[in-house]
Amino acid sequence: MKRAVPQHGRGSSAATLQEWVQLGITEVVGLVDKQLAVPAPELLARLPEHGVSKDDGKRLQLDPQVLTEATTQLRNLGVIGEWDHTTKGGLTVPLWVPGD
């Protein structure tokens with residue numbers, strides 16, 4: 001019988017979906033508070049690539065759907081706000097900022 005593989009990221013086999021989402025929430029809030037404004041496409045592309053630090057020092061790579069769920073929860077709670085930002089090329093992208 002095959003061993004179960006983590007479905008929401010790499011680096012830990014014991015995490016539930018909500019544990020992965022909580023890691024994503026912590027990382028997104030920290031990044032938005034530090035940067036004050038983060039383009040959504042940049043965050044969703046780079047954070048899974050670089051991974052997040054866990055309490056035990058391990059680096060975990062989050063799947064994009066975990067970050068999408070984390071940012072959705074944060075926006076629904078008002079922890080982060082979303083503004084439309086027009087790029088130099090004329091495209092409109094969401095810009096995430098600290099909530100009120």
Side-chain angles (χ1 to χ4, degrees):
M1 183 172 206
K2 290 185 177 181
R3 185 173 168 206
V5 181
Q7 298 297 312
H8 309 294
R10 293 183 295 259
S12 175
S13 60
T16 64
L17 173 59
Q18 192 52 43
E19 289 171 327
W20 285 105
V21 171
Q22 188 58 47
L23 286 171
I25 285 172
T26 302
E27 199 68 22
V28 169
V29 168
L31 186 61
V32 170
D33 283 345
K34 181 180 176 184
Q35 298 290 326
L36 299 179
V38 180
E42 182 177 330
L43 184 138
L44 294 173
R46 291 188 180 185
L47 206 50
E49 201 174 276
H50 297 293
V52 298
S53 292
K54 203 171 174 189
D55 294 336
D56 59 6
K58 288 184 179 179
R59 297 290 294 167
L60 301 176
Q61 292 180 306
L62 301 174
D63 284 347
Q65 76 264 16
V66 170
L67 290 173
T68 300
E69 178 62 26
T71 55
T72 299
Q73 288 183 20
L74 289 169
R75 282 182 288 134
N76 289 342
L77 293 170
V79 177
I80 61 173
E82 184 175 304
W83 292 356
D84 287 335
H85 172 71
T86 304
T87 65
K88 291 177 185 176
L91 296 175
T92 301
V93 298
L95 186 69
W96 290 327
V97 297
D100 295 333

Which residues satisfy the side chain to side chain donor-acceptor pair (under 3.5 Å) test with Gln73, sequence neighbours excluded? Glu69
Let me confirm one number: the [atom1]-[atom2] distance from [X] to [Y], rounded to the nearest 0.5 Å.
X: Asp33; Y: Ile80; atom1: CG; atom2: CD1; result: 10.0 Å
X: Leu67; Y: Leu62; atom1: CG; atom2: CG; result: 5.0 Å
X: Leu77; Y: Ile25; atom1: CG; atom2: CD1; result: 7.5 Å
X: Leu43; Y: Trp96; atom1: CG; atom2: CH2; result: 5.5 Å

Return the minimal non-hydrogen interatomic distance between Pro41 and Pro94, and the atom names on each side. CD-O, 4.1 Å
If you look at every heavy atom in Ala70 and Gly24, which pair is closest and at what distance? CB-C, 3.8 Å
What about [X] and [Y], same hydrophobic cluster or not, with Ile/Leu/Val/Met/Phe/Trp/Tyr joined at side-chain heavy-atom distances under 4.5 Å?
X: Val97; Y: Val29; result: no
X: Leu31; Y: Leu95; result: no
X: Leu23; Y: Leu17; result: yes

Quick one: list whatever passes side chain to side chain contact (heavy atoms under 4.5 Å, CB included) with Thr72, sequence neighbours left out. Thr68, Arg75, Asn76
Can you find a pair of side-chain heavy atoms, one from Leu44 and one from Pro64, that are under 4.5 Å apart? no
